[in-house]
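Start at 1 with the first residue, then count along the sequence.
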Amino acid sequence: MKKTRIIKIKPIFIIIVVFIFLCIIFKLVYIGTGNVKVGKSTLAEFANARDVRKKTIRAKRGTIYSRDGEVLAKDVNSYTVIAYLSDTRTKDPKKPYHVVDKDLTAEKLSPLINMTKEKILDILNITVESCDDDNNCKKVSPYQVELGPGGRGITELVKDQIDELDLPGIDFISSTKRYYPNGDFASYTLGYAKSDDEGLFKGEMGIELFYNKELTGKDGYIEYQSDLQGYQITSTPSIEKKSTSGNDVYLTLDDNIQMFTEQAMNKLEESSPEWATISVINAKTGEILGVSSSPSFNNNTRDIKSYYDPFTSYEYEPGSTMKIFSFMAAMENGLYNGSDKYKSGIINVDDAKIKDWNNHGWGEITYDQGFMASSNTAAVNLGLKLGRAKLKDFYNLLGFGTKTGISLPNEGVGLINFRYNTEIAAASYGQGMTVSAIQMIQALTTLANDGTMIKPYIVSKMVNSEDGSVILENKRTEVKKVCSTETVNKMIELMRGVVDGSFKASTGTGYYIKGYDLVGKTGTAQIASNKGGYLKGSRNYIRSFAGLFPGEDPEIIVYVAASKLTNANVLKTAIKGLVKDVGTYLNIYEDIEENDEEVYIVDSYINKDTTIEVESINNSNMEAVVIGEGNKIISQYPNEGTTLNLSNKIFLKTNDTNYKMPNIKGWSRSDVLVFAKMINLDVNFEGYGYVKSFDIKKDSEIDISKTLNVILEPKYKEEKNTKKED
């Protein structure tokens, strides 16, 4: 039998083992608290930092173009200037990576970021309190600072200029901003988009708002494991989903026609309108070729007085332009005979006395003559014959009281609601009811399409910016047939008489242009008072003109409405100039011999001698504006083949980048915008009309990193209107 071997363990050994075990437990507990140092960080901080991070990759917002492919709105890089102040960034004193000479740095940056040297020095000399483990504190420079506000949102060009200074410690944070190259140009149509705190752009007006979802695109992301500083840990995988750019939108706006429309608005603003809208439409297709509203704004600076566009959102009493449609209603219902006579002047309707605009009329005249003279009593007679139901039904058939569905936000509906005889009478000549400018345009298309109404539109197509495929394409859309060929022909005849003076009292003779077969109808509506009734005074009217040309087969519709003009005659000047510009540009009147001497067809001046071409242009009764002092021309505006009326400006950019400031006093706002765009100069306008003063000295070298500030004023003071108006 084997003996059992007994091993005796000394108590001291047991004590040692237990002690070691307790130390291990204590160490594990200590580590578990996260207080162990890993480098300069605790284990807890290191573990928390070693995490999966997800970084958003912002999608590029879609670009908005004109029909000609000109960029109207796009994303551009912008930068914020930062300065590294901590000398810990510099390892080699010969190659400093922090700001060494603060005085020199401030002096060099001052003119480029539009901040004083003293203000920049204040920022560069900022200190913060730093304390060690023993709570010993001292003032030190922060690691980095931002040079704002002047150093925020600078352009690529300014960034390049700062880079060329080669200043130690100066760097940039890149971001994106929405940029509108033309500034104050179709401002309400484009609207604007601005970024939120997370850098996401959101449309807030115009096309930017209406198509915000389509323009926005889809963000992507990158997912990775990061260390304490947020950098990806080496050899760890990452997951990336690329962003998808937003869709591009092409408008129906024609660059040149938009320019002509803006010029017409500049002319109109000489008469200080409370608000105004001018538009040019392809009468056959419904495409909006040009549209301008006042008051306007620069989409980049957003100096906005009203967030509603007079073109689509304003609802107003149209006045006598509405007689086009009340007379058409009578024709369609078999109640019109143009040769029938009536007594003009005054008509009593229930307890109301309605007068013609001249208070006494023209005696006994025909209804045709009544239309040409814009007789209220003629319209009232026809309206009462029609009755409420037939007049209202025809107005509704033309789309009044209903949105047209144009691709712009906040479209007005208007109000077509009349019941009593006095209300029917007022509605027959465009009072006591409201419409929008876009509704008037839609109704006018019937006169160019054999009685069929065409839907107006401003978006030509939408294109996938990634692969170029067309997502949406708009085209001529027939809404409905609203009247007969006979009614259209008769109305064109009457509207021609309004302009060419077929009757001695015709109200539109001020719009007559020899050889231009412009047909139209004038309108002068009283403005409703908030206290009831209508405002008094010679200025308190909404004046308008609805025109089509050529009358034989209308291709273009021009519509203008303006509130509270100081001089109503400027309306005629603005529209006649617009009709001439558009007509010659589209070669509608190329066969009219008498116009050959009144227009100028722009040649190509690219790569040609500056002196020779300037002399040639000036000898042709045009005005050459030379940009730079080079001997060769590298860019021009307008482009080759553009047809202009005489005395217009032609801008020539030369092969010299030292731009001198021309004397722009008396220039229109659109002329200033063309000049500024050609040299990438930002402009800020104050007022309306033509240039009164500007803050860059004439003939001095232009610093394009700064903004040109321009004050505008009307050319003419208020004049008493002695012309015929309805």
*Would you name the heavy atoms of V99 and A83 that are closest together and state the gap between them?*
CG2-CB, 3.9 Å

*Short side-chain donor-acceptor distance under 3.5 Å, Y188 and S294*: no

*First locate atom CG of N298, then atom CD1 of I304, and finally report the distance between them rounded to the nearest 0.5 Å.*
10.0 Å

*Between CZ of F201 and CG of L215, what distance do you get to the nearest 0.5 Å?*
12.0 Å

*Report yes or no: do T707 and N684 form a side-chain donor-acceptor pair below 3.5 Å?*
no

*Between the side chain of T244 and the main-chain N/O of G217, is any donor-acceptor distance below 3.5 Å?*
no

*Between CG on residue N639 and CG on residue D68, distance to nearest 0.5 Å*: 9.0 Å

*Counting distance only, does the side-chain N/O of D219 pair as donor-acceptor with the main-chain N or O of A59 below 3.5 Å?*
yes

*Determine whether E204 and K194 make a side-chain contact, defined as any pair of heavy atoms from C-beta on separated by less than 4.5 Å.*
yes

*Side chains of Y211 and S407: is there a donor and an acceptor less than 3.5 Å apart?*
yes

_Does atom OH (Y179) have a neighbourhood of more than 12 heavy atoms from anything else shown, all under 6.0 Å?_
yes

*Only one of V674, V710, V625 forms a side-chain contact (heavy atoms from CB on, under 4.5 Å) with W667, so which one is it?*
V625

_Short side-chain donor-acceptor distance under 3.5 Å, D309 and N410_ = no

_One pair to check against side-chain contact (heavy atoms from CB on, under 4.5 Å): V691 and I711. What are the steps and the verdict?_
CA-CA 6 Å; V691 178; I711 297 176; over 6 Å; no

*Check: N266 side chain, S668 main-chain N or O, donor-acceptor pair, under 3.5 Å*: no

_Shortest non-hydrogen contact between I162 and F172, atoms and distance_ = CG2-CZ, 3.6 Å

*Locate the shortest heavy-atom distance separating F685 from L673; write the atom from each residue and the value.*
CE1-CD2, 3.7 Å

*Return the minimal non-hydrogen interatomic distance between W275 and P310, and the atom names on each side.*
CE3-CB, 3.8 Å

_Between CE on residue M259 and CZ on residue F185, distance to nearest 0.5 Å_ = 8.5 Å

*Would you say Y65 and V463 make side-chain contact, with heavy atoms under 4.5 Å?*
no

*Could you tell me the separation between the OG atom of S296 and the CE atom of M265, rounded to the nearest 0.5 Å?*
8.0 Å

*asked:* Would you compute the distance between atom CD1 of I126 and atom CG of L121 and round it to the nearest 0.5 angstrom?
replied: 11.5 Å

*Going by heavy atoms in the side chains, are I458 and I207 under 4.5 Å from each other?*
yes

_Between N182 and K677, is the side-chain hydrogen bond (donor to acceptor under 3.5 Å, both in side chains) condition met? List the steps._
CA-CA 7 Å; N182 297 323; K677 182 181 176 183; 2.9 Å; yes

*D467 atom CG: more than 12 heavy-atom contacts under 6.0 Å*: yes

*Would you mind reporting whether S292 and T277 have side-chain heavy atoms less than 4.5 Å apart?*
no

*Of all residues at least two apart in sequence or in a different chain, which pass the salt bridge (charged side-chain N to carboxylate O under 4.0 Å, His left out) check with R89?*
none

*Answer whether the closest heavy-atom distance between the side chains of F694 and L708 falls below 4.5 Å.*
yes

*SB check D184 R669 (cutoff 4.0 Å)*: yes

*Would you say I634 and I606 make side-chain contact, with heavy atoms under 4.5 Å?*
no

*Give the minimum heavy-atom separation between I64 and E208, together with the two atoms involved.*
CD1-CD, 3.9 Å

*Any Lys/Arg nitrogen of E466 or K242 sitting under 4.0 Å from an Asp/Glu carboxylate oxygen of the other?*
no

*T654 and D656: side-chain donor and acceptor closer than 3.5 Å?*
no

*Going by heavy atoms in the side chains, are V672 and V683 under 4.5 Å from each other?*
yes

_Testing R61, K177, R178 one by one against D75 for a salt bridge (Lys or Arg N to Asp or Glu O under 4.0 Å), which residue passes?_
R178

_Looking at S460 and T252, would you say the former's side chain and the latter's main chain have a donor-acceptor pair under 3.5 Å?_
no

_Main chain of T176, side chain of N77: is a donor-acceptor contact present, judged purely on distance under 3.5 Å?_
no

_Worked check of side-chain contact (heavy atoms from CB on, under 4.5 Å) between K698 and M661_ = CA-CA 5 Å; K698 184 172 72 75; M661 187 67 200; 5.5 Å; no

_Nearest heavy-atom neighbours spanning S635 and M678_ = OG-CE, 3.7 Å

*asked:* Is there a side-chain contact (heavy atoms from CB on, under 4.5 Å) between T105 and I120? Walk through the geometry before answering.
replied: CA-CA 9 Å; T105 299; I120 298 173; 5.7 Å; no

_is_close_aromatic(Y84, Y143), centroid dist under 6.0 Å_ = yes

*Any side-chain donor-acceptor pair under 3.5 Å between T90 and D87?*
no

_Under 4.0 Å between a side-chain nitrogen and a carboxylate oxygen: does that hold for E701 and K660?_
no

*D196 side chain vs L200 backbone, donor-acceptor pair below 3.5 Å*: yes

*Does N212 reach the main-chain N or O of G203 with its side chain, forming a donor-acceptor pair under 3.5 Å?*
yes

_Per the salt bridge (Lys or Arg N to Asp or Glu O under 4.0 Å) rule, what does the pair list look like for residues 138-163, sequence neighbours excluded?_
E146-R152, K159-D163

_Donor-acceptor side-chain pairing of E262 and S670 below 3.5 angstrom_ = no

*Do S66 side-chain atoms and D255 backbone N/O form a donor-acceptor pair below 3.5 Å?*
no

_Looking only at side-chain N and O atoms, does S86 offer a donor or acceptor that is under 3.5 Å from a partner on H98?_
no

*asked:* Closer than 3.5 angstrom, by distance alone: can the side chain of K91 be matched with the main-chain N or O of T88 as a donor-acceptor pair?
replied: yes

*asked:* Run the side-chain contact (heavy atoms from CB on, under 4.5 Å) test on Y308 and S293 for me, step by step, so that the C-alpha distance in whole Å, both residues' side-chain angles and the decisive distance to 0.1 Å come before the verdict.
replied: CA-CA 10 Å; Y308 291 95; S293 296; over 6 Å; no

*Side chains of S187 and N299: donor-acceptor distance under 3.5 Å anywhere?*
no

*Only pairs at least two apart or in different chains count here, so list each salt bridge (Lys or Arg N to Asp or Glu O under 4.0 Å) that has a residue in residues 99-120.*
D103-K117, E107-K117

*asked:* So does M115 get a backbone contact from the side chain of S110, meaning a donor-acceptor N/O pair under 3.5 Å?
replied: yes

*For the residue pair Y250 and R67, establish whether any side-chain heavy-atom pair is separated by less than 4.5 Å.*
no

